[in-house]
> 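Sharing a structure with you now.
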Amino acid sequence: MINQKYASLLEPFEFQNGISLKNRVVMAPMTNYSSNEDGTVSDAEVAYYVRRSKGVSMVITACTYVTPNGQGFPGEFAGHTDDMIPSLRRLATAIKSEGAKAILQIFHAGRQVPKDIAPNGDVVSASNVPSEGEGKPVPRALTETEVESIIRDFGETTRRAIEAGYDGVEIHGANTYLIQQFFSPHSNRRTDRFGGSLEKRMTFPLAVVDEVQRVVKEHAKEPFIVGYRFSPEEPETPGITMADTMVLIDRLANKNLDYLHVSLMDFWSTPKRGVDDSRSRIEIIQEAVGDRVSVIGVGSIYSAEDARKALTSGIPLIGLGRELLIDPEWVQKIEQGREDEIVTELDINKQEELEMPTTLWQRILKNPGWVPGV
Ligand SMILES: Cc1cc2nc3c(=O)[nH]c(=O)nc-3n(C[C@H](O)[C@H](O)[C@H](O)COP(=O)(O)O)c2cc1C
């Protein structure tokens, strides 16, 4: 029997487009470095998702690249050609067969593409500004025609997601990748219609949203979820401030999106600069968008109590990332009133039991502090 204290986590939820979720907990997108060499999803990867798709109401997949020069990691599954539709379908079917909605995260890594993965070593971005840190490649600034082509590529991968049976796509505008690079005054020093003022830095992100929505209108026969993920601030100067983000989310909130997903490592983190408000970023964002669009919050929500508290911020949905690596039965334990048994530190002897693909497992073990318990 469920403990009534946590009942709010298991309440159903309905998006404005009519699609309903069985509860308030979604799986956050996590790259697993484990796809096949040819860009198709691997058996280990599918097993990993199956194991984590029973409890949560919606699974947002690892990011898939919309064009070859957007691949951000080795072992990332591809979404850039129609040849990949069977692979994409295999993943959607696996997730949905366990009862969760399947959302494909679509992206281009821009200047974060490792030079050895970039076709011909050609790393591209909004401008020729490298990211901060040792040995980062100097990217080539995309031409206006190339930018327009990438916008269409986001639409093409959305069409493939529809054909492959996904319930929606999440536009990955967060975590320093290309969409964020266009919005950021650090990486975008353009002087054409894609850069210059704050207004112009929004041109690319908003054009991607418009194109994805155009394709959905044209191709989807049933309601199809479109979400947008963003990182509210950057540490660099110049860099995205909370003030910039307030303008962007106001625009996004008027676009009839199904959700905004705020990418944070700490759910309750507070703004660094740009607004005179001591509340958490998530509360500020929720208040600003109101009921125009649903908000997903994420970041170090480990226990049932953490999750219950997160919902008191006023947002309707929470995302779990690392927690589901550690404990794939997180939601089921709450359903069964066994929330005290939720595991919050990775047991490094349980790779097989946890259905963790080997490359992801090795990366976690090599990066102490990344996942609790390691
Ligand atoms: C192994 C790993 C891979 C990740 N890959 C992605 C990704 O592909 N796309 C993305 O938007 N965020 C990615 N993230 C960030 C998570 O979605 C999430 O925002 C972050 O881990 C904080 O949430 P958590 O505390 O619940 O783990 C990744 C995080 C981890 C730990």
Side-chain angles (χ1 to χ4, degrees), residues 1-16 19-30 32 48-62 92 94-105 166-168 170 174 225 227-229 258-268 280 282-283 285-286 293-346 354-355 371-372:
M1 272 278 288
I2 180 188
N3 181 340
Q4 280 312 307
K5 199 172 164 197
Y6 304 116
S8 57
L9 294 166
L10 300 183
E11 273 172 22
F13 172 77
E14 194 171 304
F15 285 109
Q16 277 162 5
I19 296 184
S20 57
L21 299 182
K22 65 182 179 190
N23 62 46
R24 304 307 179 100
V25 187
V26 310
M27 180 168 167
M30 280 181 289
N32 55 54
Y48 154 92
Y49 278 107
V50 165
R51 184 69 197 278
R52 290 166 176 80
S53 301
K54 286 186 188 69
V56 295
S57 56
M58 180 165 101
V59 169
I60 304 161
T61 68
I95 292 169
K96 288 172 29 169
S97 68
E98 299 303 311
K101 301 287 180 203
I103 306 294
L104 184 69
Q105 192 185 49
Y166 284 86
D167 298 292
E170 177 172 289
I225 296 165
Y228 186 101
R229 192 173 218 220
D258 296 293
Y259 70 82
L260 294 183
H261 190 173
V262 188
S263 181
L264 290 170
M265 293 307 281
D266 171 14
F267 182 91
W268 293 105
S280 62
I282 198 82
E283 289 166 295
I285 290 165
Q286 173 59 54
V293 61
S294 307
V295 175
I296 304 179
V298 69
S300 303
I301 299 168
Y302 287 101
S303 65
E305 186 54 22
D306 292 342
R308 184 195 67 75
K309 275 201 201 120
L311 286 186
T312 66
S313 66
I315 62 156
L317 297 168
I318 56 163
L320 302 185
R322 293 165 296 174
E323 302 76 12
L324 290 175
L325 303 180
I326 299 168
D327 192 345
E329 274 80 46
W330 197 97
V331 176
Q332 294 91 315
K333 285 179 180 170
I334 294 185
E335 284 170 345
Q336 296 159 10
R338 297 192 295 129
E339 63 278 349
D340 292 351
E341 294 172 38
I342 287 174
V343 186
T344 55
E345 291 197 353
L346 190 67
L354 293 171
E355 298 275 14
V371 175

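One is the number of the first residue; the rest follow in order along the sequence. Hydrogens, waters and symmetry mates are skipped; everything else that's a heavy atom, side chains included, is used.
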> Quick check on side chain to side chain contact (heavy atoms under 4.5 Å, CB included): which of Arg51, Lys54, Glu335 does Glu329 satisfy it with?
Arg51
> Evaluate the criterion side-chain contact (heavy atoms from CB on, under 4.5 Å) for residue pair Val56 and Leu324; output intermediate values, then yes/no.
CA-CA 10 Å; Val56 295; Leu324 290 175; 3.8 Å; yes
> May I ask you to test the Ser57-Phe13 pair for a side-chain heavy-atom distance under 4.5 Å?
no
> Any side-chain heavy-atom pair from Tyr166 and Lys96 closer than 4.5 angstrom?
no
> Under 4.5 Å between any side-chain heavy atoms of Ile95 and Thr61, yes or no?
yes
> Kindly give the heavy-atom pair with the smallest separation between Ala310 and Ile301, and that separation in Å.
CB-CD1, 4.0 Å
> Indicate the atoms forming the closest heavy-atom contact of Arg52 with Glu355, along with that distance.
NH1-O, 3.6 Å
> Has Asn32 got a side-chain atom pairing as donor or acceptor with Tyr49's backbone, closer than 3.5 angstrom?
no
> To the nearest 0.5 Å, what is the distance between CH2 (Trp330) and CD (Glu339)?
9.5 Å
> Looking at every heavy atom in both Val295 and Pro316, which two are closest together, and how far apart are they?
O-CD, 3.3 Å
> Between Val298 and Ala28, which heavy-atom pair has the shortest distance, and what is it?
CG2-CB, 4.1 Å
> With rounding to the nearest 0.5 angstrom, report the CG to CG distance, Leu354 to Leu346.
6.5 Å
> Does a donor on one side chain and an acceptor on the other come within less than 3.5 Å for Arg322 and Ser300?
yes
> Do Val262 and Phe267 come close enough that some side-chain heavy atom pair is under 4.5 Å?
no
> When you compare the side chain of Ile282 with that of Ile315, does any pair of heavy atoms fall below 4.5 Å?
yes
> Applying side chain to side chain contact (heavy atoms under 4.5 Å, CB included) between Ile103 and each of Met27, His261, Glu170, report the one that passes.
Glu170
> Please tell me whether Tyr6 and Glu305 have a donor and an acceptor in their side chains that are separated by less than 3.5 angstrom.
yes
> Locate the shortest heavy-atom distance separating Leu9 from Ala307; write the atom from each residue and the value.
CD2-CB, 3.6 Å
> Would you say the side chain of Leu325 lies within less than 4.5 Å of the side chain of Tyr48, judging by non-hydrogen atoms?
yes
> Going by heavy atoms in the side chains, are Val26 and Lys101 under 4.5 Å from each other?
no
> Nearest 0.5 Å, please: how far is CD1 in Ile285 from CG in Leu264?
7.0 Å
> Is the shortest side-chain heavy-atom distance between Ser303 and Ile342 below 4.5 Å?
no
> Does the Arg24 side chain pair with the main chain of Glu11, one donor and one acceptor, at a distance under 3.5 Å?
yes
> At their closest point, which heavy atom of Tyr302 faces which heavy atom of Pro372, and how far apart are they?
OH-CG, 3.1 Å
> To the nearest 0.5 Å, what is the distance between OH on Tyr259 and CG on Leu317?
9.5 Å
> Is the backbone of Ala102 close enough, under 3.5 Å, to the side chain of Asp167 for a donor and an acceptor to pair up by distance?
yes
